[in-house]
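Have a look at the structure below, then the notes.
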Amino acid sequence: MGTTADQLAAVAAATGGQVAVLYLPDSSALRAVLDGESVLPAHRVVEQGKLRLDADLREATWHGTRITLSSREFDLLFALAGDPGRVWAFAELTTLVWGRPYVGDTQAVVSAVKRLRRSLRTGAPGVVVESVRGVGYRVRVAEVPVPSH
């Protein structure tokens, strides 16, 4: 969803106009910034099923086996997997992963997703980056069946 214009105005007012652009994924993160709190946990780990992403160690594993990802692929997967089922718009991914404003060019995101999908096919076949036509992407992690006894 991102930060609204009204929220950005509130941040600018609270910081004496020292903030030009701010992207926060949700309103609770914005409230934390306005209250002077940190929005980052001490150790940032995302787990979905047998997928584990550790942002501080820059490590991705599938069923405990390390997945080889480029830095950009890791950042993209970390963003997508961080909010299960959420559809991430091109603009949000551009801002979050590339750290720059979205100017209508989807090519960087599309190319990075292609490379990420290629890496996941070999390293984590149960992790799928799905396209949502005209909107963006979401990640789906296959459920691991429980063995019967």
Sequence neighbours left out, what passes side chain to side chain donor-acceptor pair (under 3.5 Å) with Arg117? Give chain and number order. Ser131

Can you measure from CZ (Arg115) to CG (Leu120) and round to the nearest 0.5 angstrom? 12.5 Å

Closest non-hydrogen atom pair, Ala81 against Val46: O-CG1, 3.4 Å

From the list Thr95, Val135, Val109, side chain to side chain contact (heavy atoms under 4.5 Å, CB included) with Phe90 holds only for Val109

Name every donor-acceptor pair, under 3.5 Å, that has one atom in a side chain of residues 101-108 and the other anywhere in the protein, sequence neighbours excluded.
residue : atom : partner : partner atom : Å
Asp105  : OD1  : Gln107  : N            : 3.1
Gln107  : NE2  : Ser111  : OG           : 3.2

Go through the steps to decide whether Thr61 and Asp54 satisfy the test side-chain contact (heavy atoms from CB on, under 4.5 Å), and finish with yes or no. CA-CA 9 Å; Thr61 58; Asp54 187 317; over 6 Å; no

In terms of hydrophobic clusters joined by side-chain contacts under 4.5 Å, are Val97 and Val110 together? yes

Atom CG of Leu77 and atom OH of Tyr137: how far apart are they, to the nearest 0.5 Å? 14.0 Å

Assess whether side-chain contact (heavy atoms from CB on, under 4.5 Å) is satisfied between Val127 and Ile67, documenting all intermediate values. CA-CA 11 Å; Val127 181; Ile67 308 167; 5.8 Å; no

Rounded to the nearest 0.5 Å, what separates atom CZ in Arg138 from atom CD in Glu130? 5.0 Å

For the CG atom of Leu53 and the CH2 atom of Trp62, what is their distance to the nearest 0.5 Å? 11.0 Å

Sequence neighbours excluded - salt bridge (Lys or Arg N to Asp or Glu O under 4.0 Å) pairs with any residue from residues 67-81: Arg58-Asp75

